[in-house]
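A quick write-up on the structure given underneath.
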Amino acid sequence: QVHLVESGGGSVETGGSLELACAISGTIDWRTYLAWDRQTPGKQREWVAELTYGNTKYADSVKGRFTISRSGSVVYLSMTNLQPEDTGVYYCHIVRLGVPSWGQGTQVTVSS
């Protein structure tokens, strides 16, 4: 059974940066679908970024500010120039062996 644990959330001022990490219990590689979603106040849960087969994609709202990457069995989301509208709970999402899994989420709060 795959287990995902997010960390790195916190509170920052507008314009600040955070790096989220998702530790995955099993092995993953370049073929695994890796993604981050978020639940933002006032919005539906939305897809933020994905990485698979070496290719990345981003939601328009975060392009140029967020970067998804992988090192071993840890998936990262590097966030820069954070804005209040980025506030929310961020969830790691993977698909391995055709089965999707999500982590417990980590809170990101951006204030000014």
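Because the structure is a prediction, the values reported are computed rather than measured. Numbering starts at 1 and runs along the sequence shown.
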Side-chain donor-acceptor pairs of residues 10-29 under 3.5 Å, sequence neighbours excluded:
from  : atom 1 : to     : atom 2 : distance (Å)
Thr14 : OG1    : Ser111 : O      : 3.2
Ser25 : OG     : His3   : N      : 2.8
Asp29 : OD1    : Arg31  : N      : 2.9
Asp29 : OD1    : Arg31  : NE     : 3.3
Asp29 : OD2    : Arg31  : NE     : 3.2
Asp29 : OD2    : Arg31  : NH2    : 2.5

Next on the checklist: Centroid separation under 6.0 Å, is that true for the rings of Tyr53 and Trp30?
Outcome noted: yes
Checklist outcome for this item: Note: Ala49 and Tyr58 closest approach over all heavy atoms is CB-CD2, 3.5 Å
Next on the checklist: Just to verify, what does Trp102 make a side-chain hydrogen bond (donor to acceptor under 3.5 Å, both in side chains) with, not counting sequence neighbours?
Outcome noted: Asp37
Checklist outcome for this item: Residue pairs meeting salt bridge (charged side-chain N to carboxylate O under 4.0 Å, His left out), one or both in residues 102-112, sequence neighbours left out, come to none
Checklist entry - Are Val75 and Tyr91 connected, step by step, through hydrophobic side chains (Ile, Leu, Val, Met, Phe, Trp, Tyr) whose heavy atoms are closer than 4.5 Å? => result no
Next on the checklist: Ignoring hydrogens, what is the shortest heavy-atom contact between Thr32 and Thr52? Give both atom names and the distance.
Outcome noted: O-OG1, 3.6 Å
Checklist entry - Can you tell me if Thr106 uses its side chain to pair, donor with acceptor, with the backbone of Tyr90 under 3.5 Å? => result no
Checklist entry - In terms of hydrophobic clustering (I, L, V, M, F, W, Y; side-chain heavy atoms under 4.5 Å; direct or indirect links), are Val2 and Trp36 co-clustered? => result yes
Item to check | Partners passing side-chain hydrogen bond (donor to acceptor under 3.5 Å, both in side chains) against Glu85 (at least two apart in sequence or in another chain) | outcome: none
Checklist entry - For Tyr33, what are the other residues in its hydrophobic cluster, where any two members join if their side-chain heavy atoms are less than 4.5 angstrom apart? => result Trp47, Val95
Next on the checklist: Please determine whether residues Leu4 and Leu77 belong to a single hydrophobic cluster, defined as Ile, Leu, Val, Met, Phe, Trp and Tyr linked transitively by side-chain heavy-atom distances below 4.5 Å.
Outcome noted: yes
Item to check | Inter- and intrachain pairs under salt bridge (charged side-chain N to carboxylate O under 4.0 Å, His left out), touching residues 40-57, at least two apart | outcome: Arg38-Glu46
Checklist entry - Are Ile94 and Tyr76 connected, step by step, through hydrophobic side chains (Ile, Leu, Val, Met, Phe, Trp, Tyr) whose heavy atoms are closer than 4.5 Å? => result no
Checklist entry - Which pairs count as disulfide bond (SG atoms under 2.5 Å apart) when at least one residue sits in residues 48-91, sequence neighbours excluded? => result none
Next on the checklist: Looking at every heavy atom in both Glu6 and Cys92, which two are closest together, and how far apart are they?
Outcome noted: OE2-N, 2.6 Å
Checklist entry - If you look only at pairs with a residue in residues 30-69, which of them pass as a disulfide bond (SG atoms under 2.5 Å apart), with sequence neighbours excluded? => result none
Item to check | Sequence neighbours excluded, every pair satisfying disulfide bond (SG atoms under 2.5 Å apart) that has a member inside residues 34-85 | outcome: none
Listing, residues 62-72 side-chain donor-acceptor contacts under 3.5 Å, not counting sequence neighbours, or none:
from  : atom 1 : to    : atom 2 : distance (Å)
Lys63 : NZ     : Asp60 : OD1    : 3.1
Arg65 : NH1    : Asn81 : O      : 3.0
Arg65 : NH1    : Asp86 : OD2    : 2.7
Arg65 : NH2    : Ser61 : O      : 2.9
Arg65 : NH2    : Asp86 : OD1    : 3.0
Arg65 : NH2    : Asp86 : OD2    : 3.4
Arg70 : NH1    : Gly72 : O      : 2.9

